[in-house]
**Student:** 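One structure, pasted below without further comment.
Just so you know, ligand 1 is whichever comes first in the structure, and atom 1 is the first atom listed for that ligand. Hydrogens, waters and symmetry mates are skipped; everything else that's a heavy atom, side chains included, is used.
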Amino acid sequence: MKKFLDLISGETEEAFEKAGYDRSLGRVTVSKRPDLCEYQCNGAMAGAKKYHTAPMVIAEAVAGQLRECPVFSEVSAVKPGFLNLKLDRAFISSYLEEMRTADRFGMPAPEKPQTIILDYGGPNIAKPLHVGHLRSAVIGESLKRIIRYHGDKVIGDIHMGDWGLQMGLVITELKRRQPELPYFDTSYTGDYPEEAPFTVSELEEIYPFASGRSKEDPDYYAEAMENTRRLQEGDRGLRALWEKIVEVSVADMKKNYENLDVSFDLWLGESSVQDEIPGMVEDMRRAGTAYESSGALVVDVAEETDTREMPPCIILKSDGASLYTTTDLATLKVREETYHPDRIIYITDKRQELHFQQVFRAARKCGLVEPDAQLVHIGFGTMNGRDGKPFKTREGGVMRLSSLIAEIREEMRAKISVNPEIGPEEAEQTARQVALAALKYGDLSNQASKDYIFDMDRFTSFEGDTGPYILYTIVRIRSILAKYAGQFQAADPASLRIRPAESDLEKALMLDLAGFSAMMENACEELAPHKVCGYIYQLSNDLNSFYHATRILTEEDQEKKEGWIALLHLTEQVLCTCISVLGFSAPARM
Ligand code: ARG
């Protein structure tokens, strides 16, 4: 099915041609002045130079052609040369009719679906998840769903930090507390215990403790470095202990991500590619792309056009240790070999921008990826508190993700319990759903690269540009549909037909719906979930305006009523599709 915008553009392009001008001038856009028109075309201004003709003359000529076309109900040429367009109501309703029954509301499938690896989440083993990891998970999950909906193949990889000094720190502290464990006995050859010698809460306490101590105690730090090295060199006991740390930590992470409705296809991490590093480094050395510089092994990545300093990419430190960069390069190599992706997208804090620039350039220079593979870093801004500083607990500590989720749920539960019809069990379930919507929408409705303020009161409000407001709108539609279904002689909404709009408010709602495919394609192309949020906010506003102005269920003209029910049904489906790509869902009532 053609996109609505393309259909309309097809008509205006035709009109330009008939009037003697180039077709390509006829592209239309959604109106920037909705008070004047619904769509507009600025082609006459663009053509004026080429044809040495006043823009108004071109606009008038094209308008003359367009007035013949049944797609438009109103065409005006306006100074200095705009074409202002209003659409025919029957044209819109017949488009929606087709859209209603088409697969994915008629959104065209990509001509050549891409294979895309999405690297998001990025939690670190043994460290508790904090709100900093929230954005990566929320944005990544939504992008995964948007791209999948678009029709491309997405492989989501969590890419855990499971190999660095933090592992050595945890091991060092465990050894200090429980020196009798067999993991530390180098002469031990038996099997290691099935059960981990710590719980997840112990683990979460151990890391910050060890990290703090290592900063004050140089011997302790040296021991942690030594343990990191021994682990990485394959010490049997430390390796077995490391596996336990990963096991306990991952089990807890899975719970946290499940609570967020975030999932991954691959649970790989920095450790997964360690065996690749020596061979990769050897190749780089042999090819001459990597060279020794003050003892370290580096790859130059600066380019002539750089406007800021671009330091060389360090592959091995002078003590031979590999780094975050090295791991990311080896991961790229493995991803290329395993999946031949068209694109790899990373979602991290924007402070890692330089790191990814270096990695991408080094990867290309060393031929680790195909030349036409696209490497994309989406750097997101900070989630701040109301004081404009990075979000903290009331006591000023780093906010745990689990505590944040619990707080929002509590807030939502209180709001939902006000409804006397909702019992405690349903309230609990609904609070979970609405809290997730508040949290995710609050994040996703901002352009990812920007910082934003986490404002509990605003995010959980049932009014305004919020997740709960969108859910409230869906619930409202469902309630009307349910009441309709309960009426005498009610037909199945799917069998009803959308009719030409009766009012301007209804028409506005219909135009929103008709723009679905273009919006979704654009959100996918620009990797921009906030476009989906902007769309459903507008759609919800227009739905509510229409609803307040129209007595739907008491309408006596059966045909009219059925047309409206069909329209509401489509609106509900489009809204639900949109929230599902944003990563949340709607309750039955709230
Ligand atoms: N673990 C990293 C962090 O907490 C994020 C990993 C992102 N992915 C990557 N391939 N570097 O900052």
Side-chain angles (χ1 to χ4, degrees), residues 116-141 143-144 154-170 204 207-208 211 228 245-246 249-250 252-253 256-257 260 262 264-274 276-277 280 313-315 322-339 341 343-364 368-369 373-383 390-391 398-401 448-449 527:
I116 296 168
I117 295 181
L118 206 57
D119 181 313
Y120 63 108
N124 298 315
I125 291 287
K127 302 188 194 176
L129 283 181
H130 60 77
V131 296
H133 291 110
L134 174 70
R135 296 212 70 190
S136 181
V138 168
I139 298 169
E141 179 69 21
L143 286 178
K144 179 181 79 181
V154 189
I155 302 154
D157 182 5
I158 187 167
H159 200 81
M160 294 178 281
D162 57 359
W163 203 238
L165 176 63
Q166 88 262 24
M167 307 308 303
L169 284 165
V170 171
E204 287 180 356
Y207 171 74
S211 167
T228 310
I245 301 173
V246 172
S249 205
V250 165
D252 184 56
M253 277 177 191
N256 265 297
Y257 284 116
L260 278 174
V262 168
F264 302 91
D265 304 298
L266 303 174
W267 279 77
L268 298 175
E270 297 178 8
S271 68
S272 334
V273 295
Q274 293 307 314
E276 293 288 325
I277 291 178
M280 176 185 80
C313 184
I314 304 176
I315 307 295
S322 59
L323 302 97
Y324 185 42
T325 317
T326 327
T327 306
D328 264 332
L329 286 170
T331 306
L332 266 172
K333 181 170 184 278
V334 172
R335 286 175 177 167
E336 176 64 58
E337 289 165 0
T338 320
Y339 302 103
R343 238 194 304 176
I344 305 179
I345 303 168
Y346 297 81
I347 300 154
T348 76
D349 190 304
K350 66 180 169 202
R351 281 169 291 192
Q352 296 196 25
E353 193 181 303
L354 179 64
H355 164 78
F356 283 105
Q357 262 181 351
Q358 290 183 305
V359 168
F360 295 169
R361 288 185 183 186
R364 294 208 182 281
L368 301 178
V369 291
Q374 277 178 281
L375 304 174
V376 184
H377 174 230
I378 297 182
F380 52 78
T382 310
M383 172 170 140
F391 196 80
V398 174
M399 176 70 109
R400 293 260 195 97
L401 191 52
S449 61
L527 304 173

**Student:** What pairs with Ser211 under side chain to side chain donor-acceptor pair (under 3.5 Å), at least two apart in sequence or on another chain?
**Tutor:** Lys215
**Student:** Salt-bridged, Asp119 to Arg335, with N to O below 4.0 Å?
**Tutor:** yes
**Student:** Given side chains that start at C-beta, do those of Thr327 and Gln274 come closer than 4.5 Å, heavy atoms only?
**Tutor:** yes
**Student:** Tell me whether Lys333 is salt-bridged to Glu336, with the criterion being a basic N under 4.0 Å from an acidic carboxylate O.
**Tutor:** no
**Student:** Ligand 1: which residues have a non-hydrogen atom closer than 4.0 Å?
**Tutor:** Asp119, Gly122, Asn124, His133, His159, Tyr324, Asp328, Tyr346, Thr348, Gln352, Phe356
**Student:** I'd like to check the side chain to side chain donor-acceptor pair (under 3.5 Å) partners of Tyr324; sequence neighbours left out, ordered by chain and number.
**Tutor:** Gln352
**Student:** Taking salt bridge (Lys or Arg N to Asp or Glu O under 4.0 Å) as the cut-off, I'd like each qualifying pair that reaches into residues 129-139, sequence neighbours left out, listed once.
**Tutor:** Arg135-Asp443
